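Notes follow the structure.
Per chain, numbering begins at 1; letters A, B, ... match sequence-line order. As the structure is a prediction and not an experimental result, all values here were calculated from the model.
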2 protein chains.
Amino acid sequence: MNDRRPTTIIEVAAELGVSIATVSRALRRPELLSEETRARVLKAVERLGYQPNLLARDLRLRESKVALVVVPSLSPFFLEVFRGVEKAARKTGYSVLMGHTDRDPEREHAFFDQVAARRADGIILVTSSHASALADRKRLPPVVAALEQIDGCSLPAVRVDHTRAAVAATQYLLDLGHKRVAHISGPMSSPMAVHRVEGYQQALGPSLDTALCVEGDFTARSGELAMNLLLARHAPPTAVFAANDEMAIGAVRAAKMAGLRVPEDISIIGFDDQRIAALYDPPLTTVHVPTAEIGYRAMLLLERVLNDSATDRDIVLPTKITPRGTTAPYRPRGPAAPDDEG
Amino acid sequence: MNDRRPTTIIEVAAELGVSIATVSRALRRPELLSEETRARVLKAVERLGYQPNLLARDLRLRESKVALVVVPSLSPFFLEVFRGVEKAARKTGYSVLMGHTDRDPEREHAFFDQVAARRADGIILVTSSHASALADRKRLPPVVAALEQIDGCSLPAVRVDHTRAAVAATQYLLDLGHKRVAHISGPMSSPMAVHRVEGYQQALGPSLDTALCVEGDFTARSGELAMNLLLARHAPPTAVFAANDEMAIGAVRAAKMAGLRVPEDISIIGFDDQRIAALYDPPLTTVHVPTAEIGYRAMLLLERVLNDSATDRDIVLPTKITPRGTTAPYRPRGPAAPDDEG
DNA sequence: TTGAAAGCGGTACCAA
DNA sequence: TTGGTACCGCTTTCAA
């Protein structure tokens, strides 16, 4: 069906009796050609449906104009970052290759190799994994970190301050009057999760009760499990800060299953503000992270890194507590209402 | 920082005093070399950190080993398809480029051009838009349709039968005893949405009430709006089939806001079985679509199309009603419970 | 078993 | 303003 090979620059040139240089110029440096020649060439290009072979062009130009986005997993959360990257890429004429590592260092390496092999010009690393792949590499490809800085490196980065945001989330619950504020963290293998616990701990200071901090793995299921554990404590929390929205939703489910009303009996705050947060019932109070914006800026930053080679910036974007339906001021609870006593 | 240019095949050859052909062979056709030479070359490759330039290789070989996945929008739904594609790609040695069109024909064209320009070998079209870009193209790139066949073409495809699945979904509600079953459809600009309405209509047959069919646009918000409309009818539905999960969730919200209990007062079934469906409260009854599997098979099919050039298959995968918490047998409802009377 | 060399399809320098 | 041509880095005949 598709047996004819694509038109090449040689055929276009032959068709018009001009040199291939002229055809090339008509496309890349039209100002160098006479009005007339340019028009003739362009018309022929159109007629023959000529498309320059990017492989050849890129080989000659030593650049591929593609950016590689590497995410740890294909979740809606990272998808938002990707969306931002893509938008910026379209604006700047880049194509975007996307890959996920499943937190496998071997696969991380494979993506770096893609750059070494010139399939991409640079990498946007949206990863929360340790920079294992980065460490033992002789030659680093151009790379920008998104979402958070890679531990131990000081890459150009576009990110948020996870610790500060976690402090704010915890403080938000404290300000609501809650005394026993628990935390469901992400896996300690994820630096992002670590930074968020640190914020929780900072906010609580000396009043920190380690029994109220349970480790999850960022899935809803783990949030459910963690919540069950917390509710089984003899002094269960009245508020919970979960390190991401999925776990927060799991926690809400577990609370409901245990017969608690959210937010009347227990407050829960998530993190990220994924789409599901606003959609959930009740809508989830959470920390908004400008994911798409991060991706957008990261791509722009990568472009600068690729061009100037001098840029070395660390862009920190603000987060924002977004109150919705899963948090409420603390009110003492019990089997009966307080005024039953009197 | 990264000023040294990458090692080329020439440098490796020079280092060893062999020809570049030998180096190339060590990597691509090792069996042609003597044991000893091969070992020497491989060691030098390792030592120098040589990575063949894929641009050059691809130019020579006239293939890029990249597949382009084109989706209409960056939603978690399409992400699942992508996940499957990526898995198959990894297995078969392809890289995956992803792009979304926002249903803009111009951008669809742009992606086809990427193939014409040899940045990718073929396309996996996960689109529900009309094949506008396909129609007015002289030379079609190798393309596989995923999720559904493109109207008017008969591309190799991996898909589900949307109409049949919609019949089953509607029938499921009917079997539950519901008489007034409404439908919230996707936008009629999407063939997928059209196929799903058709199923709804088929299942209802002559008893179809056009007042019970409202058009949405696949967003939760539109589901909410549609539901409000339906509840305002003087004979409101007792069951609703929404053409995707997001709209179904919007419908559930609207029902709750209107003071109805789901599923006691009204049953709602979605379509797709996105992740959010199982997470929602109550968990959404829906039609399971094997999205990742579709992507996986589509990539495998594309590879065959690219190689054999003879394949022309139409693979239809099964869907499955997945009962969860938003549907229940029909029971007449009123302002008071039935036994309040006695 | 190895080497020499002809491309793959462009870009851009140097001349004319 | 245009043409001739030397690359870009690799693969693969064809010969030795």
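A side-chain donor-acceptor contact under 3.5 Å links A:H162 to the backbone of A:L147. Formation of a donor-acceptor pair under 3.5 Å by the B:R25 side chain with backbone atoms of B:L32 is not found in this model.
Summary of helix geometry: the two end axes of the helix from C:dT1-D:dA16 to C:dA16-D:dT1, each defined by five base pairs via their C1' atoms, are inclined to each other by 40° (rounded to 10°).
With respect to B:R83 and B:E80, a salt bridge is recorded, a charged nitrogen being found less than 4.0 Å from a carboxylate O. Between A:E36 and A:R38 there is no salt bridge, since none of the side-chain N atoms of the basic residue sits less than 4.0 Å from a carboxylate O of the acidic one.
Counting to the nearest Å, the P atom of D:dG3 and the CG atom of A:L32 are 13 Å from each other. Distance A:E31 CD to D:dT1 P: 10 Å, rounded to the nearest Å. As a whole-Å value, the separation of B:L16 CG from C:dG3 C1' is 14 Å. When rounded to the nearest whole Å, the span between NZ of A:K65 and C1' of C:dG10 equals 17 Å.
An OP1 or OP2 oxygen of D:dT1 is reached within less than 4.0 angstrom by no side-chain nitrogen or oxygen of A:T22.
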Any chance you could list the contact pattern along nucleotides 5-11 of chain D? Use B for base contacts, S for sugar-phosphate-only contacts and - for none, protein heavy atoms under 4.0 Å, 5' to 3'. BBBBBBB
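Within 6.0 Å of NZ in B:K65 there are more than 12 heavy atoms belonging to other residues, nucleotides or ligands.
Side-chain atoms of B:P76 and B:R275, non-hydrogen and from C-beta on, never get closer than 4.5 Å to each other.
Atom CG of B:L54 sits about 9.5 Å away from atom CG of A:D113, to the nearest 0.5 Å.
Scored by the salt bridge (charged side-chain N to carboxylate O under 4.0 Å, His left out) test, B:R107 finds B:D102 as partners (sequence neighbours excluded).
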